[in-house]
Amino acid sequence: TPVVDNNLRLYPTLTNSFVKVTYNVEESASKANIYIFNIVGHCVYNGTFDALIAHNEHLIEVADYASGLYIVHIQIADLPSKSFKFTKVD
């Protein structure tokens with residue numbers, strides 16, 4: 001079972017250009033899936049990445065998104081997913 005430490009983060013939470021997802025993996029986790037949903041529940045982003053042992057970073061461009069609240073779901077291997085919020089501003 002992969003181990004992901006408590007450093008799973010999304011920042012900034014108020015942005016006009018990008019959000020960054022970071023996490024550390026202590027054992028092989030195979031894949032990380034990142035989904036972004038707008039406030040009405042439509043998936044506006046879906047990315048699958050290799051979850052490498054050590055530090056992982058994913059920069060996601062959101063400059064073209066409409067202003068508003070977004071929910072980010074992050075699923076790493078078979079671990080429970082985590083959710084974060086960010087607000088896109090113009």
Side-chain angles (χ1 to χ4, degrees):
T1 301
V3 177
V4 179
D5 69 15
N6 290 328
N7 289 325
L8 179 60
R9 295 181 30 182
L10 177 124
Y11 61 92
T13 57
L14 183 65
T15 185
N16 64 359
S17 57
F18 70 89
V19 291
K20 184 182 282 189
V21 175
T22 64
Y23 55 91
N24 293 328
V25 176
E26 297 173 3
E27 296 177 23
S28 180
S30 71
K31 298 291 180 192
N33 295 301
I34 300 172
Y35 306 94
I36 300 177
F37 297 91
N38 63 19
I39 196 65
V40 296
H42 294 122
C43 185
V44 296
Y45 178 86
N46 176 357
T48 300
F49 305 93
D50 290 329
L52 306 174
I53 295 173
H55 184 73
N56 293 265
E57 267 185 20
H58 306 293
L59 189 67
I60 302 169
E61 185 69 43
V62 298
D64 292 335
Y65 290 17
S67 295
L69 182 66
Y70 291 85
I71 308 295
V72 180
H73 291 285
I74 303 167
Q75 175 74 49
I76 299 173
D78 295 330
L79 300 172
S81 65
K82 301 268 184 167
S83 296
F84 299 90
K85 297 177 188 174
F86 74 90
T87 302
K88 164 61 171 62
V89 295
D90 286 330

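Start at 1 with the first residue, then count along the sequence.
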Reported CZ-to-CG distance for the pair F37 and L69, which is rounded to 0.5 angstrom
13.5 Å
Find the distance between CG (N33) and OG1 (T48) and round it off to the nearest 0.5 Å.
4.0 Å
Heavy-atom pair of closest approach, residues V19 and P12:
CG1-O, 3.7 Å
Count I, L, V, M, F, W, Y as connected when their side-chain heavy atoms are under 4.5 Å apart, and connections chain through other members. Are I74 and V44 then in the same cluster?
yes
Could you check whether the rings of Y70 and F86 sit parallel, tilted or perpendicular, using 30° and 60° as the cut-offs?
parallel
What heavy-atom pair brings K85 and T13 nearest, and what distance separates the two atoms?
O-CG2, 3.8 Å
Does atom NE2 of H55 have more than 12 heavy-atom neighbours, drawn from other residues, nucleotides or ligands, at distances under 6.0 Å?
yes
So among R9, K82, H58, which one has a side chain to side chain donor-acceptor pair (under 3.5 Å) with Y23?
H58
Kindly compute the distance separating OH (Y65) from CG (N38), expressed to the nearest 0.5 Å.
9.5 Å
At what distance, to the nearest 0.5 angstrom, does CZ of F49 lie from CD of E57?
12.0 Å
Between H73 and I34, is any pair of side-chain heavy atoms under 4.5 Å apart?
no
State yes or no: do V62 and F84 share one hydrophobic cluster built from I, L, V, M, F, W and Y residues joined by side-chain heavy-atom distances below 4.5 Å, directly or via other members?
yes
So which atom in S81 and which in Q75 form the shortest heavy-atom distance, rounded to 0.1 Å?
CB-OE1, 3.3 Å
Say whether, by atom type as modelled, one donor and one acceptor occur between the side chain of N56 and the main chain of A54 under 3.5 angstrom.
yes
Say whether Y11 and L8 are linked into one hydrophobic cluster, either directly or through other cluster members, by side-chain heavy-atom distances under 4.5 angstrom.
no
For residues V72 and V25: do they belong to one hydrophobic cluster (side chain heavy atoms under 4.5 Å, members Ile, Leu, Val, Met, Phe, Trp, Tyr)?
yes
Can you give me the closest heavy-atom contact between A63 and E61, atom names plus distance?
CB-OE2, 3.1 Å
Restricting to non-hydrogen atoms, name the atom on S17 and the atom on T15 that form the minimum distance, rounded to 0.1 Å.
N-OG1, 3.1 Å
For the atom pair NZ (K20) and CD1 (I60), what is the distance rounded to the nearest 0.5 Å?
11.5 Å
